[in-house]
2 protein chains.
Amino acid sequence: MTTINDIAKMADVSRTTVSRALNDSGYVSEEVRNKIMAIVKETGYMPSLSAKSLRTKRSGVIGVILPKISTETSSRVVNGVNDVLSNEGFQILLTDTELNKQKEVEYIRLLKSRHVDGILILATNVNQPLLDAIQAAAIPVVCLGQKLPGVTSLAYNDYDASADMTTMLLNKGYTRLAFIGISNDDPAVGQLREQAYLDKLKERNLPVKDHWMAVGDFSIDSGYEAMKSILHTSKDDLPSAVFAVTDRMAVGAMEYLKEQGFRIPADMAIAGIGASVMSKYITPALTTIDYYNQEAGQHAARLLLGKINHEQNSEKLKLSYRLILRDSV
Amino acid sequence: MTTINDIAKMADVSRTTVSRALNDSGYVSEEVRNKIMAIVKETGYMPSLSAKSLRTKRSGVIGVILPKISTETSSRVVNGVNDVLSNEGFQILLTDTELNKQKEVEYIRLLKSRHVDGILILATNVNQPLLDAIQAAAIPVVCLGQKLPGVTSLAYNDYDASADMTTMLLNKGYTRLAFIGISNDDPAVGQLREQAYLDKLKERNLPVKDHWMAVGDFSIDSGYEAMKSILHTSKDDLPSAVFAVTDRMAVGAMEYLKEQGFRIPADMAIAGIGASVMSKYITPALTTIDYYNQEAGQHAARLLLGKINHEQNSEKLKLSYRLILRDSV
DNA sequence: AATAAAGATGGAATCGATTCCACATGACAT
DNA sequence: ATGTCATGTGGAATCGATTCCATCTTTATT
C-alpha cells in the first residue's frame with residue numbers, strides 16, 4: 001500500500017507539500033505540484049480515508065437508517081439521497097433496523113463512532129430513547145417521513161393526503177367507507193392518516209363503524225387478512241369502498257375481494273397510498289397517492305448537507321403529493 | 001468527544017489496559033475490567049472506528065456496488081447481504097453505478113481507499129478495466145450475477161433457467177415463440193438467456209425469426225416498445241407467445257398486448273424472469289422464474305466473509321432457481 | 001528455597017494523513 | 001540598505017486507537 005510518505009519520498013519533497021498539493025491548500029509551486037501529480041497518477045495512490053477522517057473529523061460518509069431495506073419506498077428514497085450525495089462526494093452507509101426500535105438507537109451510536117458526517121433516518125415511530133440518542137450523538141440528523149420533536153424533519157403531508165383521498169371517495173358517493181390502517185406507534189402513517197379519515201367522516205356526520213376498520217402491518221398479506229376480517233365482521237352491513245393506507249395492503253385487500261368474486265369498483269372500490277409500480281399495472285389499476293419519494297430523498301439529503309455546512313436556511317418545506325385516479329374507484 | 005484516554009484517566013489506568021479490556025485481548029484483572037466497563041457504560045463511550053481502522057487495517061465495512069439501487073433485484077440482494085453481514089458486525093457502504101461502466105472502476109478504487117474489508121459487486125457487464133481495477137485493489141471481491149474471470153463469482157444459472165422456460169413453453173405448444181432480450185453487453189442476462197432460447201428452438205428445428213426478437217433495457221417501457229415492434233414487424237406472422245428475460249419487460253409487453261385487445265394467454269402467452277412481487281398480482285398472473293435473490297445475496301456475503309477470513313473452502317455452488325407457472329401461459 | 005511461568009499493567013511506537021509554526025528566499029517599497 | 005510581505009517548503013505535533021516490549025507481582029513447580 002503506497003502512502004503519502006512514499007509519494008513524498010519519490011517526489012523528493014516533504015509529505016506536508018504532498019498534502020498541500022493534493023488538497024489545494026497553502027502554497028505549492030507549479031513545478032512541484034506537477035511532479036507530485038504525475039507520481040500520484042502513475043502509482044494510483046489514494047489517500048487513506050481512515051487517516052484523513054481521524055485527523056479532520058470528517059469522513060465523507062452519511063449514515064442512512066432504514067426501517068426496512070427491501071421496500072419500494074426505501075429504495076426510492078435512497079435513490080434520491082444518493083442522487084444528491086454522490087454528486088457532493090459523499091458515500092452512503094446503510095443500516096436496516098428491521099422495524100426494531102432498539103436497533104435505531106444502536107445504529108445512531110454506531111454511525112457516530114464511524115464519524116459519519118450526518119445521519120438521515122427514515123423513522124416509523126417516535127420514542128424518547130431515540131430522541132435522546134439523537135441528542136447525545138450531537139451530529140447533524142435529518143428525519144424523513146416523521147415529525148421528530150427537536151430534530152430537523154421532513155414529513156410527508158399525511159393528514160392532507162389522507163383527507164383528500166377520503167373526501168374524493170365520499171364525493172364519489174362511497175359513503176360506506178372502510179379503512180385499513182396500521183399501528184398507532186407510527187404517528188405519521190398510523191395516526192395522521194387515520195385521523196384525517198375520521199375527521200372527514202365526522203364532518204359529514206357519517207358514523208364511524210368499528211367493524212369497518214382494521215389494522216395491518218404494511219404487508220400485502222396483512223391487507224388480505226384485514227379485508228377478510230372486515231367482510232366477516234360486517235356481514236349484513238358491507239362497506240362500498242375501502243381505503244388502505246398503503247398500496248401493498250390495498251393490493252392484498254383487492255386480492256381477497258377478487259377471490260370472493262367482488263367486482264372492483266362496482267361492488268367495492270379500493271384506494272391506497274404510495275404509487276407503487278404495481279399499483280399501475282394491477283387490474284383494475286389502483287387509485288393511490290404519489291408521495292414523490294425520490295424527490296423527498298433528494299430534499300432530505302440537501303437539508304442534511306445544509307446542516308453539515310452550517311447553513312442556516314433550513315427551509316422547512318412541506319413535501320407535496322399527488323392523487324392518482326385510476327380504475328379501482 | 002470522549003476518547004480512550006479520557007476513559008483511561010477516569011479509571012486511573014493506562015489506555016493500553018482500557019484497550020485490552022474492551023477487546024478481550026491480553027490480561028486484565030476482573031476488578032479493573034469491571035471498573036473500566038462501568039465507566040464506559042456510564043459515559044457512553046464508543047471507540048473511534050477511524051482510528052481503529054487506521055491502526056488495524058480493518059474497517060468492518062463491506063462495499064457494495066450496485067448497477068441501480070432502486071430495483072427489486074438490488075434491494076432483495078442487499079437485504080440478503082445485510083442479513084448475513086449485520087450479524088457479523090459488518091456495515092454496508094452502498095454505491096450505485098447507474099449502469100455506468102466507468103463508475104464501477106472508480107468506486108472500486110474509492111472503496112479501497114476507505115479500507116473496506118471486502119467488495120461485493122453486482123456486475124451487469126464484463127470489461128477489462130473492471131477486471132484490472134479488481135486486481136489492483138488487492139482486496140477480497142465477490143461478484144454476484146456474472147461470471148468474472150479471475151474473480152470469485154456467484155452466477156445465476158441463466159442458461160438452464162432460460163432453457164427450462166423455453167422448453168416448457170414449447171412443450172405447451174407455443175412453438176411460435178417471440179423473445180425480448182437485452183443488450184449483449186451483459187453476458188449473463190443478455191447472452192446466456194438468449195443463447196438458451198436459440199439452442200432450444202434449434203433443437204426442435206424451429207426457425208429463428210428476426211422479427212420475433214426484440215431488445216429492451218430492463219424497463220417496463222422498453223418491454224412495451226419491444227412488444228409493439230414485434231407485432232408491427234410480424235403482421236402476418238404473429239407469434240403465439242413471448243418470453244421476456246425480465247419481469248418488468250414482460251409486464252410492459254403485457255400492457256401493450258392488453259391495450260391491443262389481446263387475450264392472455266389465449267391469443268398470446270407471456271413469460272418473464274425474476275419473480276417480482278408484481279408478477280404475482282398482475283392479471284393474468286405472470287409465469288416467471290424465481291432466482292432467490294435474497295438467498296443469493298446471503299450466499300455472496302458468506303462467500304465474501306470466507307475470503308476475508310482467508311478460509312479456503314470456496315464452495316463454488318451454483319445458484320438455484322424455480323419455475324413458477326401462472327395464468328399468463 | 002530457587003526458579004520458571006502466568007497474570008497484570010504501563011511506556012512508547014505506530015498507523016497515514018493534516019496543520020501549525022518556523023524558516024528561507026526573493027521582490028518591492030521606503 | 002533595511003524592513004515588509006508574498007511565496008514556497010519542511011519539521012513536528014496531532015488525531016485515537018492497537019500492540020510490542022519491558023517491568024513487576026503472584027503463583028506454581030521441582
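Residue numbering restarts at 1 for every chain, and letters A, B, ... go by the order of the sequence lines. Everything quoted here is computed from the prediction, not taken from an experiment.
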Can you list, pair by pair, the side-chain donor-acceptor contacts under 3.5 Å of residues 82-92 of chain A, counting residues two or more places apart and other chains?
unit_1: A/D83; atom_1: OD2; unit_2: A/Q294; atom_2: NE2; d: 3.0
unit_1: A/D83; atom_1: OD2; unit_2: A/Q298; atom_2: NE2; d: 2.9
unit_1: A/S86; atom_1: OG; unit_2: A/N82; atom_2: O; d: 3.0
unit_1: A/N87; atom_1: ND2; unit_2: A/D83; atom_2: O; d: 3.3

Can you sort out the partners of [X] under side-chain hydrogen bond (donor to acceptor under 3.5 Å, both in side chains), two or more places apart, ordered by chain and number?
{"X": "A/D185", "result": "A/K101"}
{"X": "B/N125", "result": "B/N127"}
{"X": "A/K35", "result": "none"}
{"X": "A/T124", "result": "none"}

message: My understanding is that only residues two or more places apart in sequence, or in another chain, count here; which of them pass salt bridge (charged side-chain N to carboxylate O under 4.0 Å, His left out) with A/E104?
response: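 Listed in chain order: nothing, the list is empty.
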Let me have the donor-acceptor pairs involving side chains of residues 129-136 of chain B, under 3.5 Å, with sequence neighbours excluded, atom names and distances please.
unit_1: B/D132; atom_1: OD1; unit_2: B/Q128; atom_2: NE2; d: 3.0

- prompt: OG1/A/T95 to CG/A/L66 distance, rounded to the nearest 0.5 angstrom?
  reply: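 These two atoms lie 6.5 Å from each other.
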message: According to salt bridge (charged side-chain N to carboxylate O under 4.0 Å, His left out), does anything in residues 68-80 of chain B pair up with another residue at least two apart or in another chain? List the pairs.
response: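 Qualifying pairs: B/E72-B/R76.
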task: Return the angle between end axes of the helix from C/dA1-D/dT30 to C/dT30-D/dA1, with five pairs used per end and rounding to 10°.
output: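 What I find for the helix from C/dA1-D/dT30 to C/dT30-D/dA1 is an axis angle of 40°.
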message: For DNA chain D, which residues of residues 31-52 of chain A approach it to below 4.0 angstrom with any heavy atom?
response: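 Here the set is A/V32.
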task: Please work out which residues in residues 2-12 of chain A have a non-hydrogen atom less than 4.0 Å from an atom of DNA chain C and list them by number.
output: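 Close to the strand are A/T3, A/I4.
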Check: C/dT19 base within 3.5 Å donor-acceptor of A/R55 side chain: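 Donor-acceptor pair under 3.5 Å: no.
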- prompt: When every nucleotide of nucleotides 21-29 of chain D is labelled 5' to 3' by its protein contacts under 4.0 Å (heavy atoms), B for base, S for sugar-phosphate only, - for none, what sequence of letters results?
  reply: ---------
